[in-house]
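Report on one structure; see the data block that follows.
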Amino acid sequence: MKQEIVRNERIGEEYLRIEHPSGLTMLLYPMKGFSTSYAMFSTKYGSIDVCFKTEKDKDFVTVPAGIAHYLEHKMFESEDGDAFDRYAKTGASANAFTSFDKTCYLFACSDQFRESIEILLDFVTDPYFTKETVEKEQGIIAQEIRMYDDDPGWRVMFNLLESMYQKNSVKVDIAGTVESIAQIDADLLYRCYNTFYNLNNMVLTVAGNFDPQDVIDAADQVLKKAEPIQIERKVEEEPAEVARKRFVQHLPVATPMFYIGFKSPNAGETQNFRNMIYDEMILDLVTGETTELYKKLYEQGLINGGIIGETMAGRDYLCSMISGESKDPDSVYEQIAEAFEQAKMNGIADENFERIKKSTYGRYLGMFGKPESIAAATVNCYFAGMDLYELIELVANSTKEELMERLKADFLTENSSISIVMA
């Protein structure tokens with residue numbers, strides 16, 4: 001078993017990286033003085049992974065949209081019962097989620113950590129699917145899909161993704177559609193499980209109050225050695241142009257909701273993640289609460305309670321989104337696009353750059369005081385091919401020139417869209 005202590009001298013923090021004989025990578029971050037521990041067992045498998053093959057497969061297989069999310073639901077069941085019932089005996093709070101590019105199973109606890117980590121490792125590595133249980137789940141997930149179809153906040157975001165992306169699977173709802181999940185059966189679930197839930201494609205991250213030896217002992221006891229696997233994901237070449245510039249859906253809302261998106265060039269998984277950090281800083285510089293744009297939109301009565309900027313990066317996509325409520329979303333879109341064009345022409349003032357750099361650095365530094373934030377950030381970095389501490393170094397060493405380069409590449413009006421939900 002290979003063990004390595006990874007340390008960052010800038011902030012005086014360190015964690016333990018272990019390559020377990022089973023094939024699983026474990027990233028363990030003990031935190032003195034904390035009363036809780038937080039663990040995430042994650043696989044690099046999300047909703048966009050719908051066409052794939054391994055070195056043993058002759059051809060690519062295409063699976064129905066939503067199968068990764070479906071699989072997440074089914075993993076908590078076993079022949080002997082439910083994983084939540086097992087967690088109830090340890091007092092741990094457990095959950096799971098599926099995103100575009102990963103599926104994570106997690107728990108938080110303040111006691112009986114060893115028992116809880118064993119449960120996590122056990123149920124995620126012991127699938128149990130039958131024809132009857134799979135068919136039963138279809139009705140449950142179909143109901144969930146219909147609920148989100150009527151959710152204005154959910155629809156306005158996914159309508160934007162559908163507007164920006166022409167081919168990339170990121171435009172498809174994570175849960176799939178009622179029609180797509182109807183095609184899922186036990187054999188398909190096992191096919192996806194055996195491909196993506198290979199321990200060589202997974203990572204265990206733990207942060208907080210725990211003894212790393214408990215994690216090692218639990219892994220030694222529960223995990224079996226996994227055969228190395230090579231997964232090839234089929235990637236559609238995504239055009240630079242957006243699918244549509246504007247889309248409106250009518251749902252019962254008091255004030256129109258909007259999502260404005262800027263579609264960025266795909267630079268590869270690791271560089272997309274790095275560019276995401278720069279784009280977060282640019283969003284603060286151009287649309288943040290201290291900007292002239294924000295002040296003008298507020299004074300004109302065009303925004304209700306502010307606007308929210310966020311970036312999203314993955315294996316083959318990167319985009320930035322600005323959302324909020326407005327009586328005139330198209331005017332907000334026009335002024336936001338103009339603000340980015342002005343920033344390109346006028347450049348970034350030194351004092352503004354230093355302010356954003358410090359605030360971003362402080363935000364990322366703040367996560368080291370939260371076990372759940374460390375565990376989540378460690379997963380994101382690992383799957384992006386980065387180390388956790390690279391986040392801190394990336395922000396600390398960022399330059400105004402780098403931000404200007406990203407501003408000109410990632411915030412093009414011609415590659416932007418607006419999604420609106422209104423009554």
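None of the values given here were measured: they were computed from a predicted structure. For this chain, numbers begin at 1 and follow the sequence in order.
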Q | Side-chain heavy atoms of T270 within contact of M386, under 4.5 Å | A | yes
Q) Can a salt bridge be assigned to the pair E227 and K56 using a cut-off of 4.0 Å between side-chain N and carboxylate O? A) yes
Q. Taking the six-membered ring for Trp, are Y87 and F123 parallel (under 30°), tilted (30 to 60°) or perpendicular (over 60°)?
A. perpendicular
(Q) Please find the pair of heavy atoms, one from Y364 and one from V395, that lie closest to each other, and give the distance. (A) CD1-CG2, 4.2 Å
Q: On the 0 to 90° scale, with breaks at 30° and 60°, tag the F196-F52 ring pair as parallel, tilted or perpendicular.
A: perpendicular
Q. With side chains defined as the heavy atoms from C-beta onward, is the minimum distance between E372 and M367 less than 4.5 Å?
A. no
Q | Sequence neighbours excluded - salt bridge (charged side-chain N to carboxylate O under 4.0 Å, His left out) pairs with any residue from residues 332-342 | A | E341-K344
Q. If you draw a 6.0 Å radius around NZ in K245, do more than 12 non-hydrogen atoms from other residues or ligands fall strictly inside?
A. yes
**Q.** Test log, rule side chain to side chain donor-acceptor pair (under 3.5 Å), inputs T130 and T133
**A.** CA-CA 5 Å; T130 66; T133 60; 3.0 Å; yes
Q) Heavy-atom distance under 4.5 Å between the side chains of S42 and F383, does that happen here? A) yes
Distance-only donor-acceptor hits, side chain of residues 248-258, under 3.5 Å, sequence neighbours excluded:
residue: Q249; atom: OE1; partner: N159; partner atom: ND2; Å: 2.8
residue: H250; atom: ND1; partner: M422; partner atom: O; Å: 3.4
residue: H250; atom: ND1; partner: A423; partner atom: O; Å: 3.2

Q: Would you name the heavy atoms of F84 and A94 that are closest together and state the gap between them?
A: CE2-O, 3.5 Å
Q. If only atom types and distance count, is the side chain of S180 paired as donor or acceptor with the main-chain N or O of A65 below 3.5 Å?
A. yes
(Q) Give me each pair satisfying side-chain hydrogen bond (donor to acceptor under 3.5 Å, both in side chains) with a member in residues 199-210, each pair once, sequence neighbours excluded. (A) T43-N201, N198-N200
Q. Is there a donor-acceptor pair under 3.5 Å between the side chain of E72 and the backbone N or O of C104?
A. no
Q: Answer yes when E238 and K263 have at least one side-chain N-carboxylate O distance shorter than 4.0 Å, and no when they do not.
A: yes
Q) Which atoms form the tightest heavy-atom contact between I181 and A175, and what is the distance? A) CG2-O, 3.6 Å
Q.
Listing request: all salt bridge (charged side-chain N to carboxylate O under 4.0 Å, His left out) pairs with a residue in residues 274-289, at least two apart in sequence or in separate chains.
A. R274-E390, E280-R363, D284-R363
**Q.** Spacing of L121 atom CG and L204 atom CG [to the nearest 0.5 Å]
**A.** 6.0 Å
Q | Ionic contact status for D49 with R233, cut-off 4.0 Å | A | yes
Q) Distance only, no hydrogens: is a donor on one side chain within 3.5 Å (strictly under) of an acceptor on the other, for N266 and N272? A) yes
Q.
Centroid separation under 6.0 Å, is that true for the rings of F97 and Y105?
A. no
Q: Give the ring-plane orientation class for Y165 versus Y317, where under 30° counts as parallel, over 60° as perpendicular and anything between as tilted.
A: perpendicular
Q: Look at the side chain of K357 and the backbone N and O of A396, then say whether any donor-acceptor pair between them is shorter than 3.5 Å.
A: yes
(Q) I'd like to know if the side chain of E115 pairs up with that of T90 as donor and acceptor (distance under 3.5 Å, no hydrogens or angles considered). (A) no
Q: Could you tell me whether E135 and K131 make a salt bridge, using a distance below 4.0 angstrom between a side-chain N and a carboxylate O?
A: yes
Q) Looking at I418 and P329, what are the two nearest heavy atoms and their distance? A) CD1-O, 3.6 Å
Q. What pair of heavy atoms forms the shortest contact from I322 to F262, and how long is it?
A. CD1-CE1, 3.9 Å
(Q) Does the plane of the ring in Y148 sit parallel, tilted or perpendicular to the ring in W154? Use 30° and 60° as the thresholds. (A) tilted
(Q) Could you report the tightest heavy-atom contact between E162 and A243, atom names first, then the distance? (A) O-CB, 3.6 Å
Q | OG-CG distance between S416 and D410, expressed to the nearest 0.5 angstrom | A | 12.5 Å
Q. Do side-chain atoms of N352 reach the backbone of I348 as a donor and acceptor pair under 3.5 angstrom?
A. no
Q) Is the side chain of Q166 donor-acceptor paired with the backbone N or O of E241 at a distance under 3.5 Å, no angle test? A) yes
Q. Does the side chain to side chain donor-acceptor pair (under 3.5 Å) test come out yes or no for T25 and E19, once each step is laid out?
A. CA-CA 5 Å; T25 297; E19 303 297 339; 2.8 Å; yes
Q) Does the separation of the ring centres of Y15 and Y389 fall below 6.0 angstrom? A) yes
Q: Salt-bridge test for E299 and K296: reply yes if a basic N is under 4.0 Å from a carboxylate O, no otherwise.
A: no
Q) Within a radius of less than 6.0 Å around OH of Y298, do more than 12 heavy atoms belonging to other residues, nucleotides or ligands occur? A) no
Q | Heavy-atom side-chain proximity of E310 to S320 below 4.5 angstrom | A | no
Q. Can D150 and R155 be counted as an ion pair, charged N to O under 4.0 angstrom?
A. no
Q: Mark yes or no: K234 above the aromatic ring of F60, with NZ or CZ under 6.0 Å from the six-membered ring centre and no more than 45 degrees from the axis.
A: yes
Q | Nearest-0.5 Å distance that lies between atom OH in Y361 and atom CD1 in I392 | A | 5.5 Å
(Q) What's the separation between atom CG in L403 and atom CZ in F353, rounded to the nearest 0.5 Å? (A) 6.0 Å
(Q) Any salt bridge linking R406 with E402? Criterion: basic side-chain nitrogen under 4.0 Å from a carboxylate oxygen. (A) no
Q. Would a distance-only check, ignoring hydrogens and angles, find a side-chain to backbone donor-acceptor pair under 3.5 Å from S359 to I356?
A. yes
Q. Going by heavy atoms in the side chains, are L120 and V124 under 4.5 Å from each other?
A. yes
Q | For Y382, all residues meeting ring pair (Phe, Tyr, Trp, His ring centres under 6.0 Å), sequence neighbours excluded | A | none
(Q) Do Q335 and Q300 pair up side chain to side chain, a donor and an acceptor below 3.5 Å, judged on atom types alone? (A) yes
Q. Does any N or O in the side chain of S326 come within less than 3.5 Å of the main-chain N or O of L302, such that one atom is a donor and the other an acceptor?
A. yes
Q | CE on M321 to OG on S417, rounded to 0.5 Å | A | 12.0 Å
Q: Take N380 and K102, measure what side chain to side chain donor-acceptor pair (under 3.5 Å) needs, and give me the verdict at the end.
A: CA-CA 9 Å; N380 293 337; K102 61 181 173 293; 3.0 Å; yes
Q: Indicate yes or no: at least one non-hydrogen side-chain atom of P21 is less than 4.5 angstrom from one of K225.
A: no
Q. At what distance, to the nearest 0.5 angstrom, does CD1 of I229 lie from OG1 of T195?
A. 5.5 Å
Q.
Treating T103 as the side-chain partner and Y45 as the backbone partner, does any N or O pair qualify as donor plus acceptor under 3.5 Å?
A. yes
Q) Of L27, L28, D214, which meets side-chain contact (heavy atoms from CB on, under 4.5 Å) against V206? A) L28
Q. Who passes ring pair (Phe, Tyr, Trp, His ring centres under 6.0 Å) against Y190, sequence neighbours left out?
A. F129
Q. Is the shortest side-chain N to carboxylate O distance from K44 to E269 below 4.0 Å?
A. yes
(Q) One pair to check against side chain to side chain donor-acceptor pair (under 3.5 Å): Q221 and R114. What are the steps and the verdict? (A) CA-CA 11 Å; Q221 178 179 324; R114 171 63 189 271; 3.2 Å; yes
